[in-house]
Amino acid sequence: MGRSDDAAQAIIAAGCQQRRVVPAEILAALRWLPRVRRHRLIAAAAADAGGGATALSEIDVVRLCRRYRLPPPDLQQRRKDRAGRVRYLDAYWRRWRLHVEIDGAHHMDVREWAADMRRQNDVWIAGDRILRFPA
């Protein structure tokens, strides 16, 4: 998959994440445009966004799970931190109490990194585990 394929999928994910469009609207538009470039790729990205993937990295996780026959995660799981703020975890396997976080470039900022570590410690103390990966 090339960079332009990634860009196309990122646009689909971002549009859904920002609530500018819903996956069903993208799929409906594709029915009217059967010969549009990257038709299958766009349809797959829209379907993954419909399953909760809100970023290209999350689409990649879902596809890796499919490819290697791993159970699909729940995406964008809500939880409250110690201060009562709602936080979203990228991927979660409840049965195994396992979180996967996919960190983009902004997570390299010192303040963001420190906040990520505090949140991760809270999750570990509660008994779950987190695996972190760079986007």
Side-chain angles (χ1 to χ4, degrees):
M1 198 172 324
R3 286 174 52 119
S4 54
D5 288 345
D6 285 349
Q9 293 177 101
I11 290 167
I12 299 299
C16 294
Q17 179 186 40
Q18 295 167 19
R19 312 264 191 275
R20 305 256 184 232
V21 65
V22 296
E25 292 170 328
I26 296 168
L27 295 171
L30 287 175
R31 283 192 289 279
W32 285 95
L33 302 166
R35 291 192 220 154
V36 72
R37 191 169 173 206
R38 295 186 179 89
H39 188 281
R40 286 180 30 194
L41 182 81
I42 293 168
D48 290 337
T54 62
L56 180 57
S57 55
E58 294 168 15
I59 289 172
D60 289 341
V61 167
V62 169
R63 290 187 181 160
L64 283 169
C65 288
R66 260 190 238 125
R67 179 182 305 150
Y68 294 103
R69 296 187 178 110
L70 298 171
D74 294 320
L75 300 170
Q76 293 299 306
Q77 287 296 291
R78 289 174 51 123
R79 73 170 194 85
K80 288 191 178 180
D81 66 13
R82 253 189 310 182
R85 289 181 301 249
V86 174
R87 301 291 182 186
Y88 293 89
L89 298 161
D90 293 336
Y92 184 53
W93 287 265
R94 188 175 314 284
R95 179 177 177 186
W96 296 283
R97 298 185 70 183
L98 175 65
H99 303 259
V100 167
E101 286 297 304
I102 304 115
D103 294 337
H106 70 281
H107 290 272
M108 302 210 40
D109 174 84
V110 172
R111 288 178 301 261
E112 191 70 32
W113 185 43
D116 287 343
M117 284 191 287
R118 282 192 301 277
R119 284 190 295 273
Q120 179 167 323
N121 289 343
D122 288 345
V123 169
W124 277 72
I125 289 167
D128 283 10
R129 298 295 178 256
I130 293 181
L131 298 176
R132 299 193 89 86
F133 299 95

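Computed over heavy atoms, backbone and side chain alike; hydrogens, waters and symmetry mates excluded. This one's a predicted model, so the numbers in the text were calculated from it and none came from an experiment.
Residue pairs meeting the side chain to side chain donor-acceptor pair (under 3.5 Å) criterion with at least one member in residues 22-40, sequence neighbours excluded: Ser4-Arg38, Asp5-Arg38.
Under a hydrophobic-cluster definition in which Ile, Leu, Val, Met, Phe, Trp and Tyr are linked whenever side-chain heavy atoms come within less than 4.5 Å, directly or via other members, Leu33 and Ile26 are assigned to the same cluster. Residues Val61 and Ile130 fall into different hydrophobic clusters, defined by Ile, Leu, Val, Met, Phe, Trp and Tyr side chains chained together at heavy-atom separations under 4.5 Å.
At least one side-chain heavy atom of Trp124 sits under 4.5 Å from a side-chain heavy atom of Arg129.
A distance of 11.0 Å separates CD1 of Ile11 from CG of Asp6, quoted to the nearest 0.5 Å. Residue Arg132 holds its CZ atom at 8.5 Å from CG of Asp90, rounded to the nearest 0.5 Å. Annotation: the span from Gln120 atom CD to Ile125 atom CD1 amounts to 11.0 Å, rounded to 0.5 Å. Atom-to-atom distance recorded for Gln77:CD and Asp128:CG is 11.0 Å, nearest 0.5 angstrom.
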- Do Leu131 and His99 pass the side chain to side chain contact (heavy atoms under 4.5 Å, CB included) test, and can you show the C-alpha distance, the side-chain angles, and the key distance before you say yes or no? CA-CA 6 Å; Leu131 298 176; His99 303 259; over 6 Å; no
- Message: side chain to side chain contact (heavy atoms under 4.5 Å, CB included), that's the test. Do Leu75 and Val62 meet it? Break it down for me.
- Response: CA-CA 9 Å; Leu75 300 170; Val62 169; 3.6 Å; yes
- Item | CA sep, side-chain torsions, deciding dist, call: Val36, Leu30, side chain to side chain contact (heavy atoms under 4.5 Å, CB included) | CA-CA 7 Å; Val36 72; Leu30 287 175; 3.5 Å; yes
- Query: Would Arg78 and Tyr88 count as a side chain to side chain contact (heavy atoms under 4.5 Å, CB included) if you check the C-alpha gap in whole Å, the side-chain angles of each, and the deciding distance to 0.1 Å?
  - Reply: CA-CA 5 Å; Arg78 289 174 51 123; Tyr88 293 89; 3.1 Å; yes
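Taking a 4.5 Å side-chain heavy-atom cut-off between Ile, Leu, Val, Met, Phe, Trp and Tyr, the cluster of Tyr92 contains only that residue.
Across all non-hydrogen atoms, the minimal contact from Arg97 to Ala126 is NH2-O, 2.8 Å. Residues Ala49 and Cys16 share a closest heavy-atom pair of CB-SG, 3.8 Å. The nearest pair of heavy atoms linking Glu101 to Leu89 is OE2-CA, 3.1 Å. Here the closest heavy-atom approach between residue Trp93 and residue Pro71 is recorded as NE1-O, 2.7 Å.
Tested against Gln9, the residues Ile42, Leu41, Asp48 include a single side-chain contact (heavy atoms from CB on, under 4.5 Å) partner, Leu41.
The salt bridge (Lys or Arg N to Asp or Glu O under 4.0 Å) test applied to Arg94 returns no partner, not counting sequence neighbours.
Of the charged side-chain nitrogens involved, at least one lies within less than 4.0 Å of a carboxylate oxygen, so that Arg119 and Asp116 count as a salt-bridged pair.
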